[in-house]
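Worksheet for the structure shown next.
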Amino acid sequence: QVQLVESGGGVVQAGGSLRLSCAASGRTFSILAMGWFRQAPEKEREFVAVIRGSDGVTIYADSVKGRFTISRDNAKNTVYLQMNSLKPDDTAIYYCARGKTPVAGPERGWYDVWGQGTQVTVSS
C-alpha cells in the first residue's frame with residue numbers, strides 16, 4: 001500500500017523560509033506526478049504546486065509563484081516544497097498527493113493518494 005509522509009512543517013516568522021518533504025513508498029514514484037495542496041482553517045483545500053513525473057515540468061498557484069519551489073529526488077522517493085518569503089496567509093496544513101498519471105493538474109481529481117499533512121504557521 002502506497003503511503004505518503006510529510007515533514008518539515010513548523011512555526012516561522014513572516015519573511016522566513018521552510019522546506020517541506022514528502023516521502024513516498026512504492027515503486028512507481030518516479031513516473032507519477034506529485035503535488036502539494038494546503039488547507040487553511042474554514043477554507044477549502046487548494047492547489048499549491050505540482051511536478052510532473054514525465055518531464056519534471058512544474059506548475060504553481062498564482063499565490064505562491066516566485067516564492068515556492070517544488071522539486072523531487074526520485075532516488076529517495078521524495079518530493080520537496082521550498083517555501084520562501086512566507087506570509088501569514090500561507091498558514092495552513094500542507095498535504096502532498098500522488099498523481100494518478102505522469103501528468104497532473106490543479107484539480108484534486110488528478111490525485112489518488114494523500115498524506116496526513118504537516119502544519120505550517122507563519123506569524124506576523
Side-chain angles (χ1 to χ4, degrees):
Q1 184 176 357
V2 175
Q3 287 187 320
L4 303 176
V5 180
E6 302 97 334
S7 61
V11 180
V12 64
Q13 288 189 329
S17 298
L18 282 174
R19 189 176 81 154
L20 305 183
S21 300
C22 172
S25 60
R27 295 187 295 176
T28 59
F29 173 84
S30 64
I31 65 175
L32 297 174
M34 294 294 297
W36 285 97
F37 287 72
R38 66 186 182 185
Q39 187 167 14
E42 301 183 357
K43 291 189 176 181
E44 294 290 319
R45 192 172 298 188
E46 65 175 6
F47 169 78
V48 175
V50 61
I51 183 166
R52 294 180 179 175
S54 55
D55 53 13
V57 170
T58 57
I59 302 171
Y60 296 93
D62 287 344
S63 59
V64 306
K65 202 172 293 183
R67 300 188 298 122
F68 291 11
T69 302
I70 187 171
S71 61
R72 65 194 300 162
D73 184 337
N74 290 334
K76 296 182 178 179
N77 273 19
T78 301
V79 62
Y80 304 98
L81 186 68
Q82 177 67 44
M83 305 186 295
N84 299 329
S85 302
L86 283 161
K87 306 174 182 179
D89 284 348
D90 295 318
T91 294
I93 299 174
Y94 283 71
Y95 299 89
C96 71
R98 188 188 74 168
K100 297 176 184 177
T101 68
V103 296
E107 295 81 12
R108 291 177 60 178
W110 284 99
Y111 305 88
D112 62 353
V113 180
W114 296 79
Q116 292 299 306
T118 185
Q119 176 70 48
V120 171
T121 302
V122 184
S123 61
S124 57

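At least one side-chain heavy atom of Thr91 sits less than 4.5 Å from a side-chain heavy atom of Gln119. With a 4.5 Å cut-off on side-chain heavy atoms, Val122 and Val120 count as touching. A heavy-atom distance below 4.5 Å is not found between the side chains of Glu6 and Leu20. The side-chain heavy atoms of Leu4 and Met34, taken from C-beta on, include a pair separated by under 4.5 Å.
Val64 and Tyr94 fall within the same hydrophobic cluster, where Ile, Leu, Val, Met, Phe, Trp and Tyr residues are linked whenever their side-chain heavy atoms come under 4.5 Å apart, directly or through other members. Taking hydrophobic clusters as Ile, Leu, Val, Met, Phe, Trp and Tyr residues chained together by side-chain heavy-atom distances below 4.5 Å, Tyr95 shares a cluster with Val50.
Counting all heavy atoms, side chain and backbone alike, Arg38 lies closest to Ser63 at NH2-OG, 3.5 Å. Among all heavy-atom pairs drawn from Gly8 and Leu18, the shortest one is O-CD2, 3.9 Å. In terms of heavy-atom proximity, Thr58 sits nearest to Ile70 at CG2-CG2, 3.6 Å. Here the shortest heavy-atom pairing between Ala14 and Ser124 reads CB-CA, 4.4 Å. Shown here for Ala33 and Pro102, the closest heavy-atom pair between the two residues is CB-O, 3.6 Å. Across Val2 and Val113, no two heavy atoms sit closer than the pair O-CG1, 4.0 Å.
Taking the ring pair (Phe, Tyr, Trp, His ring centres under 6.0 Å) definition, one finds that Phe37 meets it with Phe47, Tyr111, Trp114, sequence neighbours left out. Evaluation of the side chain to side chain contact (heavy atoms under 4.5 Å, CB included) rule for Ser123 yields Gln13 as partners, not counting sequence neighbours. For Asp112, the salt bridge (Lys or Arg N to Asp or Glu O under 4.0 Å) criterion is met by Arg98, not counting sequence neighbours. Residues meeting the side-chain hydrogen bond (donor to acceptor under 3.5 Å, both in side chains) test with Arg67, sequence neighbours left out: Asp90. In this view, Asp55 and Arg52, Val57 satisfy the side chain to side chain contact (heavy atoms under 4.5 Å, CB included) rule, not counting sequence neighbours.
Note that CZ of Arg19 and OG of Ser71 are 7.0 Å apart. Values are rounded to the nearest 0.5 Å. Considering CD1 of Ile93 and OG1 of Thr121, their distance stands at 9.0 Å, rounded to 0.5 Å. Remark: Thr69 OG1 to Asn84 CG distance equals 6.5 Å, nearest 0.5 Å. Annotation: the span from Phe29 atom CZ to Thr78 atom OG1 amounts to 6.0 Å, rounded to 0.5 Å. Taking OG of Ser30 as the start and CG of Asn77 as the end, the distance is 7.5 Å to the nearest 0.5 Å.
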- Item | Verdict with reasoning, Trp110 to Thr101, per side-chain contact (heavy atoms from CB on, under 4.5 Å) | CA-CA 8 Å; Trp110 284 99; Thr101 68; 4.0 Å; yes

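Listed by first and then second residue, the ring-ring contact (aromatic ring centres under 6.0 Å, His included) pairs involving residues 59-83 amount to none (not counting sequence neighbours).
At most 12 heavy atoms of other shown residues, nucleotides or ligands fall within 6.0 angstrom of atom CD in Gln116.
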